[in-house]
Student: 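Here it is, the structure in full.
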Amino acid sequence: MEIEWVSAVGITDCVYRACETFQGSLEESLLEDRFLRACRRESVDRTPVWFMRQAGRYQPEYRKIRERYSLMEICRHPEVAAEVTMLPVTQLGVDAAILFSDIMVPVHEAGVDVEIKPNIGPVIDRPIRDQAGVERLRPLVPEEDVPYVIETVNILKDELKVPLIGFAGGPFTLASYLVEGRPTRKFHEVKRMMFATPDVWYALMERLCQIVIPFLKAQVKAGAAAIQLFDSWAGCLSPADYQEFVLPYSKKIFESVDSLEVPKIHFGVGTGELLVHLRDAGADVVGVDWVVPLDEAWRRVGYETAVQGNLEPNLVLGPLDRLLERTREIMDRAEGRRGHIFNLGHGVLPETNVDTLRRVVDTVHEYTYEGART
């Protein structure tokens, strides 16, 4: 907000005091926000809800934008990225926005030639398989490498009426793309590196920390009110392997942002046996997929930690009565405890109907309010 200078000192002082009061009110409002309060396991008026991948191909407006821009081009145009980020907030009435970007953005700017191919995902021109490949990655300097991300967050900070979640890919998930060269269900090459050449693996993990940490810090400093680490594919690891090869680096990432005092969310798919380790990495909120019931997942991580989840994404494509029944079931499993953030167990599917997703939001909000669950 720009203030025009006037010579009358009294008027100027009043203007500045008004602006300071306005800014203070905004900060107080943000602190009282239901999403942030739930992250801190404080009482809320209604259970907050947002959806992973809540901006995307299921939205007609987004599809029109994609006719003009590729995914990576949207990320590089702050005004467009901000518009896409805000779409689900107005359409669905969700309680938080998540920055529209991609987990491959920072590694691309750090030296990886990657293309996001439709219906495939990230494809790496030269997969990293040895120490020389690791050396091609350089530490990220956000102000030089991803200024468009910082600008997008700055725009959203002024435009959004709900908190913005910043994010980054988790170390294992990023490594799986970089080493395999494309999405995979088998993870042969990445596990080969872990087990056969652990020194190369550790070097890659350290370098990824040098990319992810400054990327997250830059988002928070620009205005993100929370962060989420998406280690989506870590569920392919045994608990012992996760502890040895991934946990120290996830912990390093979370510890690096502790001083910024924003809620930290940790998420993976198929991580039912890793939930305690996701918590131990330093998360304030543990994301739960749809396989483990919410009450059991919460029991595993402990009630001193908030949880996020965990509606099966495909249910949104089926009959409405079943969808809303399962939505209410998840709310029942939360048992009114402080610290539940409603979400899907993974991202919104492209076939999802906008109105149907809005019904889920309304059901969560109405159920929480009517049941006086605080």
Student: So which pairs with a foot in residues 95-151 pass ring-ring contact (aromatic ring centres under 6.0 Å, His included), sequence neighbours left out?
Tutor: Y62-F100
Student: Restricting to pairs with a member in residues 274-294, which pass ring-ring contact (aromatic ring centres under 6.0 Å, His included), not counting sequence neighbours?
Tutor: none
Student: For residues 115-146, which residue pairs pass the ring-ring contact (aromatic ring centres under 6.0 Å, His included) check, not counting sequence neighbours?
Tutor: none
Student: Write out all pairs satisfying salt bridge (Lys or Arg N to Asp or Glu O under 4.0 Å) with one or both partners inside residues 250-264, taking only residues at least two apart or from two chains.
Tutor: E206-K252, D258-K264, K264-D284
Student: Who are the salt bridge (charged side-chain N to carboxylate O under 4.0 Å, His left out) partners of E312, not counting sequence neighbours?
Tutor: none
Student: Quick one: salt bridge (charged side-chain N to carboxylate O under 4.0 Å, His left out) partners of R192, sequence neighbours excluded?
Tutor: E189
Student: Can you list every side-chain hydrogen bond (donor to acceptor under 3.5 Å, both in side chains) pair that touches residues 125-134, not counting sequence neighbours?
Tutor: Q131-E135
Student: Running the 4.5 Å side-chain criterion over Ile, Leu, Val, Met, Phe, Trp and Tyr, what cluster does V141 land in, apart from itself?
Tutor: none
Student: To which residues is I150 joined in a hydrophobic cluster, defined by side-chain heavy-atom contacts under 4.5 Å among Ile, Leu, Val, Met, Phe, Trp and Tyr, whether direct or through other members?
Tutor: none
Student: Quick one: hydrophobic cluster around L317, which other residues, with the 4.5 Å side-chain cut-off, linked directly or via members?
Tutor: L349
Student: Please identify each residue that fulfils side-chain contact (heavy atoms from CB on, under 4.5 Å) with S70, with sequence neighbours left out.
Tutor: M72, E73
Student: Quick one: salt bridge (charged side-chain N to carboxylate O under 4.0 Å, His left out) partners of R333, sequence neighbours excluded?
Tutor: D295, E329
